[in-house]
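Everything below concerns the one structure shown next.
Hydrogens, waters and symmetry mates are skipped; everything else that's a heavy atom, side chains included, is used. The residues of the chain are indexed from 1 along the displayed sequence.
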Amino acid sequence: MQKARQGERAFEKMEKISAELFVVTYGSLVMQLLEDSEGKVEEVNNELYSIGYKIGVRLIDEYLAKSQTQCRTFRDTAEAIAKVGFKMFLGVTADVRNWAEDGSSYSLIIDDNPLTMFADLPDNLNNLWYSNSLCGVIAGALEMVLWKCKVQFHKDQLRGHDCTEIRVSLVEQLKEEFQQEDD
């Protein structure tokens with residue numbers, strides 16, 4: 001419950017934009033990528049992930065500055081992403097479920113993915129992970145705080161599933177490296 005309150009406080013501090021404008025702009029980006037790739041869905045999936053990764057690498061600084069959350073464990077980090085990060089940047093929260101027995105992976109469950117507000121997938125794009133940028137954002141942000149993770153969609157409401165499920169699997173905990181400057 002504490003992370004949810006932190007998420008609400010962080011959300012209040014964020015500059016707001018029109019959700020509809022954001023969603024329509026995102027949809028236009030996806031359509032342009034599809035056009036540029038001549039309909040090669042896997043290429044678009046990879047490009048969306050890459051775009052998201054680059055955003056995540058930069059977004060983590062704003063998250064840390066405004067959320068004032070501390071994450072000492074992988075489990076803390078999962079709750080912070082679900083309750084604080086998603087709330088800050090998308091205005092929704094996610095649930096953390098399906099932990100692996102060894103604690104190395106979990107699922108983020110989103111009941112209402114705001115990126116898909118006006119989206120429908122035609123049959124010829126059934127392999128498109130429309131919101132794949134979210135996976136990239138999570139992976140990029142986590143890597144900046146020394147958690148190298150594999151992040152991928154497991155379920156998507158646009159594909160007829162009951163929820164959107166993103167699977168986050170820890171690959172390795174990175175070590176902070178300091179470079180000494182030569183005098």
Checklist entry - Is there a side chain to side chain contact (heavy atoms under 4.5 Å, CB included) between Phe89 and Leu59 once you walk through the steps? => result CA-CA 9 Å; Phe89 297 110; Leu59 208 59; 3.6 Å; yes
Next on the checklist: Using the rule given for side chain to side chain contact (heavy atoms under 4.5 Å, CB included), can you reason through Ser104 versus Trp99, listing the C-alpha separation, both sets of side-chain angles and the distance that settles it, and then say yes or no?
Outcome noted: CA-CA 8 Å; Ser104 67; Trp99 277 95; over 6 Å; no
Next on the checklist: Test side chain to side chain contact (heavy atoms under 4.5 Å, CB included) on Val137 and Tyr53; report intermediate values, then the result.
Outcome noted: CA-CA 5 Å; Val137 168; Tyr53 183 89; over 6 Å; no
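Closest approach of Glu143 and Lys148 over heavy atoms only: OE1-NZ, 3.7 Å. The two residues Asn98 and Glu165 come nearest to each other via the heavy atoms ND2-OE2, 3.4 Å. Scanning both residues, His161 and Lys155, for their nearest heavy atoms gives ND1-CA, 3.5 Å. A pairwise comparison of heavy atoms in Lys83 and Asp95 identifies NZ-OD1, 3.1 Å as the closest pair. Considering every non-hydrogen atom in both Ala139 and Tyr49, the closest pair reads CB-OH, 3.1 Å. Across every non-hydrogen atom of Gly103 and Phe74, the tightest pair is O-CD2, 3.4 Å.
Using a 3.5 Å distance cut-off with no hydrogens or angles, the side chains of Arg167 and Ser107 do pair a donor with an acceptor.
Rounding to the nearest 0.5 angstrom, the gap separating the OG1 atom in Thr93 from the CD1 atom in Ile110 is 9.5 Å. Remark: Leu33 CG to Leu29 CG distance equals 4.5 Å, nearest 0.5 Å. The structure places OG of Ser169 at 6.5 Å from CD of Gln152, a figure rounded to the nearest 0.5 Å. Between atom CG of residue Leu108 and atom CZ of residue Arg97 there is a gap of 10.5 Å, rounded to the nearest 0.5 Å. How far CG of Leu146 is from CD of Glu172: 10.0 Å, rounded to the nearest 0.5 Å. The distance from the CZ atom of Arg75 to the OH atom of Tyr106 is 10.5 Å, given to the nearest 0.5 Å.
Annotation for Arg58: atom CZ does not count as buried by contact number, only 12 or fewer foreign heavy atoms lying within 6.0 Å. Around atom CD of Glu38, no more than 12 heavy atoms belonging to other residues, nucleotides or ligands sit under 6.0 Å away.
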Report, one line per pair, each donor and acceptor closer than 3.5 Å where one atom sits in a side chain of residues 119-136; sequence neighbours left out.
| from | atom 1 | to | atom 2 | distance (Å) |
| --- | --- | --- | --- | --- |
| Ser131 | OG | Asn113 | ND2 | 2.9 |
| Asn132 | ND2 | Asn45 | O | 2.8 |
| Ser133 | OG | Tyr26 | OH | 2.9 |

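Under the 4.5 Å side-chain heavy-atom criterion for Ile, Leu, Val, Met, Phe, Trp and Tyr, Ile109 and Leu142 are members of distinct hydrophobic clusters. Residues Ile81 and Val171 fall into different hydrophobic clusters, defined by Ile, Leu, Val, Met, Phe, Trp and Tyr side chains chained together at heavy-atom separations under 4.5 Å.
With hydrogens and angles disregarded, a donor-acceptor distance shorter than 3.5 Å links the side chain of Thr77 to the backbone of Thr73.
Residues Val44 and Asp36 are not in side-chain contact: their nearest non-hydrogen atoms beyond the backbone lie 4.5 Å or more apart. No side-chain heavy atom of Trp147 sits less than 4.5 Å from a side-chain heavy atom of Leu174.
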